[in-house]
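Worth saying up front: this structure is predicted, and the values here are computed from it rather than measured. For ligands, and for the atoms within them, numbers begin at 1 and follow the listed sequence.
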Amino acid sequence: MTDQPGVVVTGVSGRMGQMLVRELGRSDRLRLSGALERPGHAWVGRDLGEAMGGAPLGVTVSDDPLDTFARAQAVLDFTAPEATVEFADLAAQARCVHVIGTTGLQPAHLDRIRAAAHHAVIVRAGNMSLGVNLLTRITRQVAAALDADWDIEIVEMHHNRKVDAPSGTALMLGEAAAAGRGVDLADASDRGRDGLTGARRRGDIGFAALRGGDVVGEHEVIFATEGERIVLKHIASDRALFARGALRAALWGQDRAPGEYDMLDVLGLND
Ligand SMILES: NC(=O)C1=CN([C@@H]2O[C@H](COP(=O)(O)OP(=O)(O)OC[C@H]3O[C@@H](n4cnc5c(N)ncnc54)[C@H](O)[C@@H]3O)[C@@H](O)[C@H]2O)C=CC1
Ligand SMILES: O=C(O)C1=N[C@H](C(=O)O)C[C@H](O)C1
């Protein structure tokens, strides 16, 4: 028996799920205690290591969240919005730290997550990397220093399997720019221009999403005015950095008071 916190990885066959398992294998502070996939998935009932094409890990892939969460202290969740809100309820019941990386969450999903956070620790971020979280701080600062003569555009590119747009990261950067400017993103956001759109509205924060190939994640915040542009850019070239951020959040959340936190809290970048 070990006193390292036990961790469940949900969506374990996914791009992030498998990366989380690899990073847990390297950790000497957390141990993999369970693996979850959706009911009907081919991996359910199989040894996780073998399903991943390697040596047995002694962990059987389950489709029963209640049972796996009951034997864990943390849940690492990079799945899909409907799954994530169900896991938020169940992880809170089991008093597990729920680390949510899932993006594409709509207001109703966010309300349910907020309710679950009354009972347990939830760390949620559209991007778990240090670089992007720092970039949100820089974006807020630059936006605060410039007036609306500077147009703000956020451009992101991801792999061709991504199902949500704009990315969670782009929205985090948009929120940061809006906060710096002292406006509400919901009022200022301009998404998906097409056709005869008319001229750009002063003060808008524009979003553009590109999809192609195997791009892990690239984000640019562009501040453009007459005669000059400032471009802030982050490039993620390895999903391991998101996984390492999630493990750090799971550890940070142990023994913390219930509530909803983000990676700025975990990284000590919140003011
Ligand atoms: N916050 C961050 O740092 C990052 C967030 N993401 C987000 O994580 C999510 C997943 O991304 P990927 O791994 O690329 O997707 P993916 O499609 O490769 O994996 C998702 C997995 O979730 C599983 N799943 C869906 N419903 C489930 C359920 N009810 N129970 C158990 N498993 C279920 C699917 O079967 C699949 O294996 C996306 O929302 C993505 O935007 C991705 C990378 C970094
Ligand atoms: O789906 C992805 O791959 C990613 N999703 C997150 C997002 O929506 O921003 C984080 C990262 O960019 C990769």
Side-chain angles (χ1 to χ4, degrees), residues 8-23 34-44 48 51-52 61-69 75-91 98-106 109 122-133 135-136 154-176 207 209-221 233-250 262-264 266-267:
V8 175
V9 175
T10 65
V12 75
S13 79
R15 280 173 289 275
M16 278 306 296
Q18 295 194 49
M19 190 56 81
L20 290 160
V21 171
R22 289 196 193 96
E23 288 302 319
L36 207 65
E37 253 305 336
R38 58 185 158 71
H41 192 280
W43 285 23
V44 173
L48 174 61
M52 287 175 67
V61 179
S62 167
D63 60 3
D64 180 352
L66 203 55
D67 176 59
T68 48
F69 293 1
V75 174
L76 306 183
D77 179 10
F78 291 68
T79 54
E82 285 306 320
T84 288
V85 290
E86 183 198 343
F87 297 152
D89 292 342
L90 299 176
H98 188 189
V99 179
I100 300 177
T102 306
T103 57
L105 296 159
Q106 303 304 306
H109 300 126
I122 294 181
V123 181
R124 184 179 69 80
N127 195 304
M128 303 271 169
S129 78
L130 170 62
V132 158
N133 281 279
L135 186 59
T136 64
I154 297 170
V155 183
E156 51 111 334
M157 181 160 188
H158 284 86
H159 54 94
N160 56 21
R161 303 295 170 93
K162 186 160 178 64
V163 297
D164 57 307
S167 68
T169 310
L171 292 171
M172 282 167 67
L173 293 166
E175 290 288 358
F207 290 86
L210 316 181
R211 296 289 176 263
D214 61 355
V215 176
V216 172
E218 300 192 2
H219 293 86
E220 275 184 24
V221 186
K233 180 160 186 163
H234 181 268
I235 300 173
S237 51
D238 185 348
R239 284 187 181 83
L241 92 154
F242 307 133
R244 286 196 289 267
L247 266 60
R248 184 168 173 169
D262 60 22
M263 279 307 283
L264 294 169
V266 174
L267 296 167

**OP:** Quick one: do L135 and K233 satisfy side chain to side chain contact (heavy atoms under 4.5 Å, CB included)? Show the steps, please.
**Re:** CA-CA 8 Å; L135 186 59; K233 180 160 186 163; over 6 Å; no
Original post:
What protein heavy atom is closest to atom 14 (O) of ligand 1, reported as residue, atom name and distance in Å?
Top reply: R15 NE, 2.9 Å
Subject >> Nitrogen or oxygen atoms of G168 and ligand 2 under 3.5 Å apart >> reply: yes
Subject >> Minimum-distance protein heavy atom relative to atom 6 (C) of ligand 2 >> reply: G126 O, 3.5 Å
Original post:
Just wondering, more than 12 heavy atoms not from N160 lying within 6.0 Å of its CG?
Top reply: yes
Subject >> Donor + acceptor pair across side chains of H158, S167 (<3.5 Å) >> reply: no
Original post:
Which protein non-hydrogen atom lies closest to atom 7 (C) of ligand 1, naming both residue and atom, and how far is it?
Top reply: G101 O, 3.5 Å
Original post:
G168: heavy atom below 4.0 Å from ligand 1, yes or no?
Top reply: no
**OP:** Measure across V123 and A249 and return the closest heavy-atom pair with its distance rounded to 0.1 Å.
**Re:** CG1-CB, 3.9 Å
Original post:
Short list, please: which atoms of ligand 1 are under 4.0 Å from a heavy atom of S13?
Top reply: 37 (O)
Original post:
Under 3.5 Å between some N or O of ligand 1 and some N or O of M128?
Top reply: yes
Subject >> Stepwise side chain to side chain contact (heavy atoms under 4.5 Å, CB included) check, E86 with D89 >> reply: CA-CA 5 Å; E86 183 198 343; D89 292 342; 5.8 Å; no
Original post:
Non-hydrogen atoms of K162 versus ligand 1: any pair closer than 4.0 Å?
Top reply: yes
**OP:** Locate the shortest heavy-atom distance separating T103 from P81; write the atom from each residue and the value.
**Re:** O-CG, 3.7 Å
Original post:
Would you say the side chain of E156 lies within less than 4.5 Å of the side chain of R211, judging by non-hydrogen atoms?
Top reply: yes
Original post:
Is L48 close to W43 at the side-chain level, that is, under 4.5 Å between some pair of heavy atoms?
Top reply: yes
**OP:** Establish, from distance only, whether the side-chain atoms of H98 and D77 form a donor-acceptor pair under 3.5 Å.
**Re:** yes
**OP:** For atom 37 (O) of ligand 1, grab the closest protein heavy atom and report residue, atom and distance to one decimal in Å.
**Re:** E37 OE2, 2.6 Å
Original post:
Taking all atoms of both residues into account, what is the closest heavy-atom pair of F78 and F242, and its distance?
Top reply: CZ-O, 4.5 Å
Original post:
In terms of atom number and element, which parts of ligand 1 are under 4.0 angstrom from non-hydrogen atoms of F78?
Top reply: 1 (N), 2 (C), 3 (O), 4 (C), 5 (C), 6 (N), 8 (O), 9 (C), 10 (C), 20 (C), 44 (C)
**OP:** Would you kindly specify which portion of H158 sits under 4.0 Å from ligand 2, judged on non-hydrogen atoms: side chain, backbone, both or neither?
**Re:** side chain
Original post:
Which ligand 1 atoms does G11 reach within 4.0 Å, using its non-hydrogen atoms?
Top reply: 21 (C), 22 (O), 23 (C), 32 (N), 37 (O)
Original post:
What residue and atom, counting heavy atoms only, is the protein's closest point to atom 13 (O) of ligand 1, and at what distance?
Top reply: M16 N, 2.9 Å
Original post:
So, Q18 side chain and M52 main chain: donor-acceptor pair closer than 3.5 Å or not?
Top reply: no
Original post:
Is there a heavy atom in T102 that sits closer than 4.0 Å to ligand 1?
Top reply: yes
Subject >> Shortest non-hydrogen separation from H219 to T169 and the atoms involved >> reply: NE2-CB, 3.1 Å
Original post:
Taking it one step at a time, do S129 and N127 satisfy side-chain hydrogen bond (donor to acceptor under 3.5 Å, both in side chains)?
Top reply: CA-CA 6 Å; S129 78; N127 195 304; 3.0 Å; yes
Original post:
Among all protein non-hydrogen atoms, which one is nearest to atom 5 (N) of ligand 2, and what is the separation to 0.1 Å?
Top reply: K162 NZ, 3.2 Å
Subject >> T169-ligand 2 polar pair, N/O distance under 3.5 Å >> reply: yes
Original post:
Can you tell me if T84 and T79 form a side-chain donor-acceptor pair at under 3.5 Å?
Top reply: yes
**OP:** Answer side chain, backbone, both or neither: which part of H159 comes under 4.0 Å from ligand 2, heavy atoms only.
**Re:** side chain
Original post:
What atoms in ligand 2 come closer than 4.0 Å to a heavy atom of V216?
Top reply: 3 (O), 13 (C)
**OP:** Considering the heavy atoms of S167, write down every atom of ligand 2 situated less than 4.0 Å from one of them.
**Re:** 7 (C), 8 (O), 9 (O)
Original post:
So, for H109 and G104, which heavy atoms are closest and what is the spacing to 0.1 Å?
Top reply: ND1-O, 4.5 Å
Original post:
Are M157 and K162 close enough, and set up right, to give a side chain to side chain contact (heavy atoms under 4.5 Å, CB included), and what steps lead you there?
Top reply: CA-CA 10 Å; M157 181 160 188; K162 186 160 178 64; over 6 Å; no
**OP:** Please work out whether any backbone atom (N, CA, C, O) or any side-chain heavy atom from C-beta onward of W43 is under 4.0 Å from ligand 1, and answer side chain, backbone, both or neither.
**Re:** neither
Original post:
Taking all atoms of both residues into account, what is the closest heavy-atom pair of V61 and L36, and its distance?
Top reply: CG1-C, 4.4 Å
Subject >> Distance-only N or O hit between ligand 1 and R38, under 3.5 Å >> reply: yes
Original post:
Does some non-hydrogen atom of V163 fall short of 4.0 Å from ligand 2?
Top reply: no
**OP:** Run the numbers for me: atoms of ligand 2, each under 4.0 Å from some heavy atom of T103, listed by number.
**Re:** 7 (C), 8 (O)
Original post:
Nearest protein heavy atom to atom 19 (O) of ligand 1, by residue and atom, and its distance?
Top reply: G14 CA, 3.4 Å
Original post:
Just which atoms of ligand 1 are under 4.0 Å from any heavy atom in F242?
Top reply: 3 (O), 43 (C), 44 (C)
Original post:
Which heavy atom of the protein is the closest neighbour of atom 1 (N) of ligand 1, given with residue, atom name and distance?
Top reply: A125 O, 2.9 Å
Original post:
Is the shortest distance from a heavy atom of G126 to ligand 1 less than 4.0 Å?
Top reply: yes
**OP:** Give the residue, atom name and distance (to 0.1 Å) of the protein heavy atom nearest atom 39 (O) of ligand 1.
**Re:** T103 N, 3.0 Å
Original post:
So, does H219 sit close enough to ligand 2 that a heavy atom of it is under 4.0 Å from the ligand?
Top reply: yes
**OP:** Provide, to 0.1 Å, the distance between atom 29 (N) of ligand 1 and the closest protein heavy atom, together with that atom's residue and name.
**Re:** A83 CB, 3.4 Å
